[in-house]
Every structure is written in C-alpha cells, then in structure tokens.
Participant: 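My structure is below; once you've seen it, I'll send some questions.
This one's a predicted model, so the numbers in the text were calculated from it and none came from an experiment. Sequence lines set the chain letters: A, B, ... in the order given, protein chains first and strands last, and positions in each chain run from 1.
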Amino acid sequence: MIKEIIKKNIKDAVGEEAEIFIPENEKFGHYSTNIALRLAKEKSKKPMEIAEEIINDLRLTTDNFFEKIEIASPGFINFWISEKTLQNELKEILKNKNNYGKYPQAKSYKLKAINLEFISANPTGPLTIGNGRGGFFGDVLANILKFTGNKITKEYYINDAKNSTQIRELGKTGLGLGETYLTPELKKTISTLKKKTARLKKKSPDNIAGEAGYLLASEINKQNKKFVEKVLKIKFDKWFSEESLYKSGVVKKILSDLKKKKLVYEKDGALWFKAKQFGDSEDRVLIRSTGEPTYILPDLAYHSDKFKKRKFSKAIDVWGADHHGYIPRLKAGLKSLGISEDRLKIVITQLVRLVKNGQEYKMSKRKGDYVTMEDLIKEVGLDAARFFFLMSAPDTHMNFDLDLAKERSMKNPVYYAQYAAVRCGSILQKSKIKMQKSKINFGLLNTDEDVSLMRILARFPEIVEEATENYNPQVLVRYSIDLARQFHNFYEKEHIIGERPELMSARLGLIKATKIIFEILFKLLGVSYPKKM
RNA sequence: GUCCCCGUAGCUCAACUGGAUAGAGCGUCUGGCUUCGAACCAGAAGGUUGCGAGUUCAAAUCUUGCCGGGGACGCCA
C-alpha cells in the first residue's frame, strides 16, 4: 500500500523504485522508506524537504490506515500501522482462510505458464543428497508459484539416451563388460535384467551397450520415481525422456535448423556450433568425431520443445553447481534458435558438504561409500530434512552435520514451528465449547503481545510476494520461525481461557488466524501439521 | 593461466539487494512448570563483518589490491 501511495503521489519518483523496508529498531517505525534520500540528487533538493512534501501529500490520502508518519534525519520517512488496520487484517485472515495472501498486491505482477524442471537425476544410480536439495527447493518453489496463481508444470528430465556415454557405460556394466561402480540397488536390477540383455546381444549387436543401458536406466528410474513420490512426497506432472527426443526426430530437426542458419562448421572431424557469436566464451562441439552428439544438442531440442512446442512463457531449471559452466552454452544455443534468454531462469544449487565427527565426510561412489537421500531421510525424517535444506539459500555452500542432525534432531527448527502450531490447535480444541459466535471485538487486543502477533500475521502477504518474485522459498522458512517465536511469546505472557468472555473470544480469533497462517505455511513448505507432538 | 561463488559471534547461518545501534539458532552461564502442552519463555556473555584503499549523506553489501576456501573452464554429463 505504501508503494502504491508513493507511486500515485510522487510523479517525480518515476524510474526510481520506492524501497520499503522494515527497520531493525521499532523506534524507526513498522515500515520505512528511503525514497526522499534517493530523490535528493535528481531533484537537487535537501532530502528532508522532499520528505516533508511527500508526507504532506500522504496524510491527505491515507485516512487512519497509519497511526503515525514521521520524518527522521537524514531523510527517512517512517510509518506506524494503526491498530485498527491490524484488526481489519485479522478479519481478512479469518474471512479468506486458506486463501489469505494468495494473490500479491503488486499490480505489475503477471500470471504465467511456467515449466519448472528439477532433480533430473541421472538414471544410473540412487538419488544423492545434492539431488534432494534441488528437489525440495523445486517442489516448494512450485507450491509458492501455484499459490500466487501461476500455472506450473513440474518436470523431471530423464537422461536416458541410448547413444549417450553414461547410458552405454551403464549398459556395459549390465553386460559384464565394464568396470563402473555397482551399488547394491544396481546389482539387484542387473540380475533381473540378465535374460533381457542376453536376448539383446543377438537382436541388435550394433549398440548392445546402449540398448542394455537403456533397459537398466528405465529400471533404475522406476526405483527413483517411486522414491521421489513415496518418500520425498514430490509429485511431478511430467517425466520427460531424453531418448524420446531422438525418437521423434526433434534432435535432427534442431541440427538441420542450425545448419540452415549457417551456425555450424566442421573442424578436426567434429561438428561445431558457433556459440561465441551468441555470447559464449568459445564455440562448442555438437557432434563428436566419433559421430555421437554431445549433450548440448538434445538439450537444445528439449528446451525448444518447452518454449516452441509446448509454449511455456517461462522455464525454470534447477541445476547442481557442477553444471554452472554450462549456462552460457545453453543460453547461446537458445538465442540462436530465436528464444529470448530471459525466458529461461537457471537456479544453481550449491553442493552439500557432509560433516561427520567434525570432519568433512568424503564420499566415493566407486567404493559404494556414499550417503544417499534415502539414508538421510531414514536418519532425520522428512520434515526435518526438508526444513533443514530450505533454510539456506540454494546458492550457498551448506554443511550438513550428520551427527547433529541425528543426535539432536529434536532441536531442528521445524519442531519449534510445529510445536507453536500444535499449541494453537490444542487451545482451540480445549475452548471449543466456550467459543462465542457473536461479533468479536478485536479492539480489545491491545497488549504488546497481542499487537506484535497481529503485526507479524499481517506481514504474511508481503512474504509470499517476496518468495514469488525472487524465487526465494527460504524466506517462508524464516518467517515461520519468526511467527512461531512471536506466538510462543504471546502464549507465555497472555492467558486465553479464563479471561472475560469478550477478551477471550477476541484472543481465540487471533489464535485461529495464527493457525490458518501456519496451515498455509506448512502446506507450501510440504511439512506436516501434527495434531500432537 | 582465464572465469564464477564464498569469507559475518566458538559452530551453523541471517541482514528485505546501499540504510539508522550487524541479528537468530546451537553451544556456554543465570532464572522460570501448583496456572491454556517447559519440544517453551526471560536474561547475560560473545563482533575492527578476512586485511587495506576508494566511491557518498550512508558500505557487511558497490569498485579495486592482497590473504584464505570452494567450483567451472574437455570431442564427460
């Protein structure tokens, strides 16, 4: 609302985005803006004078939405929200229930059809912890974007191309020809496929490794899919096979398109793409001298399918940090196909470092000595794992202390938030019979604890907006911890049951609203809402 | 060698993208269950934001030079 008012009232502010923030110290208001400071140079006036002009305009248009608007040196404008406003917001929560905060206030916001691709683990083994981090991030991001009205397709890309190196290596292993690592899961799969692979040997001797690898991969992927859906509780809308791009001829089509546009040349027996022309640091190989395509070709085909065939207005890819150097290449490729690069957003999740006994826990796939996502969930549980991963921004290196997670799992913040939510539930249950259905007078909620709780509840839509616009799920996690803290605080100091009836029903309304917000939060985060703990 | 990310309390991380006295959790110390659930609350200690210079009303944040850590740069994915 402050943003809108400032935009409306200050024509000079065009081009200068009003920055609203919550000051650390409450003596500077509930909200504050530095707009006068930002404008000072441009208008060559003193910030304090500009601020003076602004609030004179503001006071005329805002009725008693604010309790107080003040100017502070060197030119901040500080706002105090009135209690009446907070009471109205409380009514909004109770009225809208689980739809509260669903659509952001900002008018500039547009709804989109978005393809969100994440996890996409190689079908050559079980999911790693890195896959899990990307998985939780993608899933929660999808929930948030859906909540704010976008049309989201959650997609999992399966790298199962018969002529790719990794699938052939996998096939060789299955046929007993190679020496790549074998996990127990893989061994099991192989034994069930022995007959099939034997038959293949006779049937198509050209690419036995590829054919066998493909069979193995689809078997492994079946296991991974089951794990993702049943254990991680992440449901995908589409499982997209790389091999299908070859079958349908899209890969060939992309190649011939590039050739037509003269963006391809031959060197050292290989076929190169002029990536440099589109902003990449050097040209890239499309087809190796051996005749096998590199991954960029099917990836271009895949993204062309997303944008051109399925007509998504935006695609978000969640990748592991090891793919970082691949971004300019893909974007260059998309540009060459006439697809604007800002339609593709790539989120990089940094690798997770495991710490055990205070030391980094080195993992070795070769020895089968590594921790899978399945192991981790078994140790700490799904709620704790989700919360833990979502707490830190995807692009920060994070340490996962196995001992800490295991021994002190009860100290994980997820329980702090859940406990607050459970307390809400149990008070409401206890007081059910005494609940008054007549008009509630929220004006009675005027202690510090009442007001602080109302204020944090009213911030919820802002948090949703921030999470949506910046693709930033972790603000929801932090908010839920803040909300829990505020509620525990309130709970400690204020009584509900046994107060005089008018105050009691007002407080019960406040608790009901808190419970609603917790319900929305937990649903968005994919965390359970326990009745008891 | 070229490029990217990071360095904040003993540990793990924040700081709303340049704002006012840098905040939480864990750990340490102190106090609070006869009262709606103590998986909770209140309080204390803990900092030259790796080091230096610059940019401006204002720098943890931007620029730059060092120091230290991680990663990417292939006809691997």
Participant: Determine: side-chain N/O of A:Y419 to OP1/OP2 of B:A39, distance under 4.0 Å, yes or no.
Facilitator: yes

Participant: Taking the C1' atom in each of B:C5 and B:U55, what is the distance between them to the nearest angstrom?
Facilitator: 24 Å

Participant: How is A:H488 classified with respect to the nucleic acid when contacts are heavy atoms under 4.0 Å: base, sugar-phosphate, or nothing?
Facilitator: sugar-phosphate

Participant: Distance check, C1' atoms only: B:G46 and B:G23, in whole angstrom units.
Facilitator: 13 Å

Participant: Could A:R459 and A:D482 be called an ion pair, given the rule that one side-chain N must be under 4.0 Å from one carboxylate O?
Facilitator: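 Result for this pair is no, no salt bridge flagged.
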
Participant: Between A:R423 (CZ) and B:C40 (P), how many Å, whole number?
Facilitator: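 For the pair A:R423 CZ and B:C40 P, the rounded distance is 8 Å.
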
Participant: Under 3.5 Å, which protein N or O atoms sit close to an N or O of nucleotides 75-77 of chain B? Give each pair with its distance.
Facilitator:
residue	atom	partner	partner atom	Å
B:C75	O2	A:S289	N	2.8
B:C75	O2	A:S289	OG	2.8
B:C75	N3	A:S289	OG	3.1
B:C75	N4	A:D268	O	2.5
B:C76	OP2	A:R288	NE	3.4
B:C76	OP2	A:R288	NH1	2.6
B:A77	OP1	A:R288	NH2	2.5
B:A77	N7	A:Y295	OH	3.3

Participant: A:I346 CD1 to B:C5 C1': how many Å, rounded?
Facilitator: 16 Å

Participant: Which label fits A:Y295 and A:Y326: parallel for a plane angle under 30°, tilted from 30 to 60°, or perpendicular past 60°?
Facilitator: perpendicular

Participant: Would you measure the distance from the C1' atom in B:U17 across to the matching atom in B:A60 and give it in whole Å?
Facilitator: 12 Å

Participant: For atom P, what is the distance between B:C13 and B:G7, given to the nearest Å?
Facilitator: 10 Å

Participant: State, without any angle test, whether A:Q418 and A:D383 hold a side-chain donor-acceptor pair at a distance under 3.5 Å.
Facilitator: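 A:Q418 vs A:D383: donor-acceptor pair found between side chains.
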
Participant: Just to be sure I understand the rule, does A:V475 reach a base, reach only the sugar-phosphate, or reach nothing, if contact means heavy atoms closer than 4.0 Å?
Facilitator: nothing

Participant: From CZ of A:F487 over to P of B:C36, roughly how many Å is that when rounded to an integer?
Facilitator: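 Result: 14 Å.
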
Participant: Using 4.0 Å as the upper bound for N to carboxylate O, is an ion pair formed by A:D268 and A:R288?
Facilitator: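 Salt bridge flag = no for A:D268 with A:R288.
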
Participant: Taking NZ, NE, NH1 and NH2 as the nitrogens, is one of them in A:K306 or A:E117 under 4.0 Å from a carboxylate oxygen of the other?
Facilitator: yes

Participant: Could you work out, with salt bridge (Lys or Arg N to Asp or Glu O under 4.0 Å) as the rule, every residue matching A:K68, not counting sequence neighbours?
Facilitator: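 Salt bridge (Lys or Arg N to Asp or Glu O under 4.0 Å) check on A:K68 returns A:E70.
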
Participant: Check this for me: does any side-chain nitrogen of one of A:K335 and A:E341 sit under 4.0 Å from a carboxylate oxygen of the other?
Facilitator: yes

Participant: Using the closest heavy atom to pick a nucleotide of RNA chain B for each, name whichever of A:A484 or A:K531 lands nearer the 5' end.
Facilitator: A:K531

Participant: Provide the distance between the two P atoms, one in B:G10 and one in B:G54, to the nearest whole Å.
Facilitator: 29 Å

Participant: Does any nucleotide pair with B:C3 by Watson-Crick or G-U wobble geometry, both distances under 3.5 Å, and what is it?
Facilitator: B:G71

Participant: In whole Å, measure the gap between the P atoms of B:A9 and B:U49 for me.
Facilitator: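 It comes out at 10 Å once rounded to the nearest Å.
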
Participant: Could you please name the partner base of B:G47, counting Watson-Crick and G-U wobble pairs only when both distances are under 3.5 Å?
Facilitator: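 Answer to the pairing question: none, since B:G47 forms no Watson-Crick or G-U pair.
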
Participant: Can you name the atoms? Protein N/O to nucleotides 12-20 of chain B N/O, anything below 3.5 Å, with the distance.
Facilitator:
residue	atom	partner	partner atom	Å
B:C13	OP1	A:H397	O	3.4
B:C13	OP1	A:N399	N	3.3
B:C16	N3	A:I22	N	3.3
B:C16	N4	A:I22	O	2.0
B:U17	OP1	A:E19	OE2	3.1
B:G19	OP2	A:E19	OE2	3.4
B:G19	N7	A:N34	ND2	2.7
B:A20	N6	A:S32	OG	2.5
B:A20	N6	A:N78	OD1	2.8
B:A20	N1	A:N78	ND2	3.4

Participant: Across the strands shown, which category fits A:E462 at heavy-atom distances under 4.0 angstrom: base, sugar-phosphate, nothing?
Facilitator: nothing

Participant: Pick base, sugar-phosphate or nothing for A:E494, based on heavy-atom distances below 4.0 Å to the nucleic acid.
Facilitator: base

Participant: Between A:R455 and A:E26, is there a side-chain N and carboxylate O pair less than 4.0 Å apart?
Facilitator: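 A:E26 and A:R455: salt-bridged.
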
Participant: Under a 3.5 Å limit for both distances, which nucleotide forms a Watson-Crick or G-U wobble pair with B:C26, could you say?
Facilitator: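 The base-pairing partner of B:C26, which may sit in any strand shown, is B:G10.
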
Participant: Measuring only the P atom in each nucleotide, how far is B:A42 from B:C6? A whole number of Å is fine.
Facilitator: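 Per the computed distance, 34 Å lies between those P atoms.
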
Participant: Send over the distance from A:K493 NZ to B:C41 C1', rounded to a whole Å.
Facilitator: 8 Å

Participant: Classify the ring geometry between A:F136 and A:F389 as parallel (under 30°), tilted (30 to 60°) or perpendicular (over 60°).
Facilitator: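 Tilted, since the angle between the ring planes falls between 30° and 60°.
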
Participant: What class does the angle between the rings of A:Y529 and A:F522 fall in, given that below 30° is parallel, 30 to 60° is tilted and above 60° is perpendicular?
Facilitator: perpendicular

Participant: I'd like the P distance from B:C16 over to B:U21, given in whole Å.
Facilitator: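 16 Å, rounded to whole Å.
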
Participant: Atom CG of A:N489 to atom P of B:A24: distance rounded to whole Å?
Facilitator: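 Checked: the CG to P distance equals 12 Å.
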
Participant: Could you label the plane-to-plane angle of the A:F21 and A:F76 rings as parallel, tilted or perpendicular, counting under 30° as parallel and over 60° as perpendicular?
Facilitator: perpendicular

